[in-house]
Amino acid sequence: MLELRSIASGSSGNCICIGTDEHHILVDAGISGKKIENGLNGMELKTAEMDGVLVTHEHLDHIKGLGVIARRYGIPIFATEGTIRAISQTKSVGEIDPALFRIIEPNNTFQIGNMEIYPIPISHDAAQPVAYRVSHNGKKVAVVTDLGTYNDTIISELQNLDALLLEANHDINMLQVGKYPYPLKQRILGDRGHLSNERSGQLLGQLLHDKFGTVMLGHLSKENNLEELAYETVRLEVTLGDNPYKAEDFPIIVAKRDGLSQRICV
Ligand SMILES: [Zn+2]
Ligand SMILES: [Zn+2]
């Protein structure tokens with residue numbers, strides 16, 4: 001059994017729990033330590049029971065609570081060298097004991113408890129960002145957010161997943177007519193920004209297979225997206241896209257911005 005559950009997902013904070021019967025990890029800690037603990041309590045877990053935190057990159061919506069939980073519980077932090085350096089330079093997370101950091105290499109599998117973790121480099125405006133694929137007992141899930149674009153390597157590394165949390169960040173029209181300043185719009189739309197709903201649906205279309213389980217759409221922008229719009233756009237892209245599947249062939253759910261989302265068990 002491999003479980004994936006979102007504690008928070010969105011432009012204002014990200015924290016995902018992945019676990020087996022014996023071991024649990026967090027992917028990112030971008031909400032307060034208190035919210036992380038509350039979320040885990042809702043799953044009958046505690047922050048102190050986490051075997052590690054995998055950090056995707058140093059943006060504050062991914063590390064806001066990292067300092068607090070590292071200091072309070074001494075949980076090991078797994079991140080690339082570039083991300084660790086950038087976290088150390090982020091004053092607002094406070095001091096973190098350097099001994100807690102575990103340097104990971106992109107494209108190199110490592111083990112936490114009975115889970116195998118594979119970091120996948122992604123294109124985003126951070127020091128050395130990665131997405132994570134986690135496997136246990138032949139089951140595979142992945143958390144893929146904060147990427148401006150994707151390539152064939154990413155597509156091939158995300159084949160045969162049982163479940164996926166995938167970014168559907170913005171609706172391009174909402175972003176374009178919205179109130180964000182022009183340079184920020186350009187940043188989000190750029191190759192090192194975020195996946196639009198359309199691109200998210202197009203990527204998903206390339207990852208489907210007969211045994212694909214559930215996709216959870218996450219990291220929705222608060223200003224430039226709506227749950228319903230992300231859901232419908234991704235569905236449409238899958239159904240109209242060049243793949244043998246229709247949106248109704250498998251569950252598509254949208255992660256809650258704040259609070260526990262539906263449990264995905266594979
Ligand atoms: Zn980011
Ligand atoms: Zn983010």
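Residue numbers count from 1 along this sequence.
In the hydrophobic clustering of ILVMFWY residues, with side-chain heavy atoms under 4.5 Å counting as a link, L4 and I252 come out apart. V130 and I155 end up in different hydrophobic clusters when Ile, Leu, Val, Met, Phe, Trp and Tyr side chains are linked at under 4.5 Å. In the hydrophobic cluster analysis, where Ile, Leu, Val, Met, Phe, Trp and Tyr join through side-chain heavy atoms closer than 4.5 angstrom, L203 is grouped together with I120. One hydrophobic cluster holds both Y150 and L208 under the rule that ILVMFWY side chains link at heavy-atom gaps under 4.5 Å. In terms of hydrophobic clustering, with Ile, Leu, Val, Met, Phe, Trp and Tyr side chains grouped at heavy-atom distances under 4.5 Å, V266 and L217 are assigned to different clusters.
Aromatic ring centres of F110 and F78: separated by under 6.0 Å. Aromatic ring centres of H62 and H124: separated by at least 6.0 Å.
Under the rule for a ring pair (Phe, Tyr, Trp, His ring centres under 6.0 Å), H136 has no partner lying at least two apart in sequence or in another chain. By the salt bridge (charged side-chain N to carboxylate O under 4.0 Å, His left out) test, R187 pairs with D125, sequence neighbours left out. With sequence neighbours excluded, the residues satisfying salt bridge (charged side-chain N to carboxylate O under 4.0 Å, His left out) with K35 are D258.
At least one donor-acceptor pair closer than 3.5 Å links the side chain of D51 to the backbone N or O of H24.
A donor and an acceptor atom, one from each side chain of H194 and E167, are located under 3.5 Å apart. The closest side-chain donor-acceptor pair between R199 and T149 falls under 3.5 angstrom.
The pair R133-E157 does not count as a salt bridge, with every side-chain nitrogen at least 4.0 angstrom from each carboxylate oxygen. With salt bridges taken as basic N to acidic carboxylate O contacts below 4.0 Å, none links K256 and E227. Between K179 and E223 there is a salt bridge, with a side-chain nitrogen of the basic residue lying less than 4.0 Å from a carboxylate oxygen of the acidic one.
Of all the heavy atoms in S6 and A255, the pair that sits closest is OG-CB, 4.0 Å.
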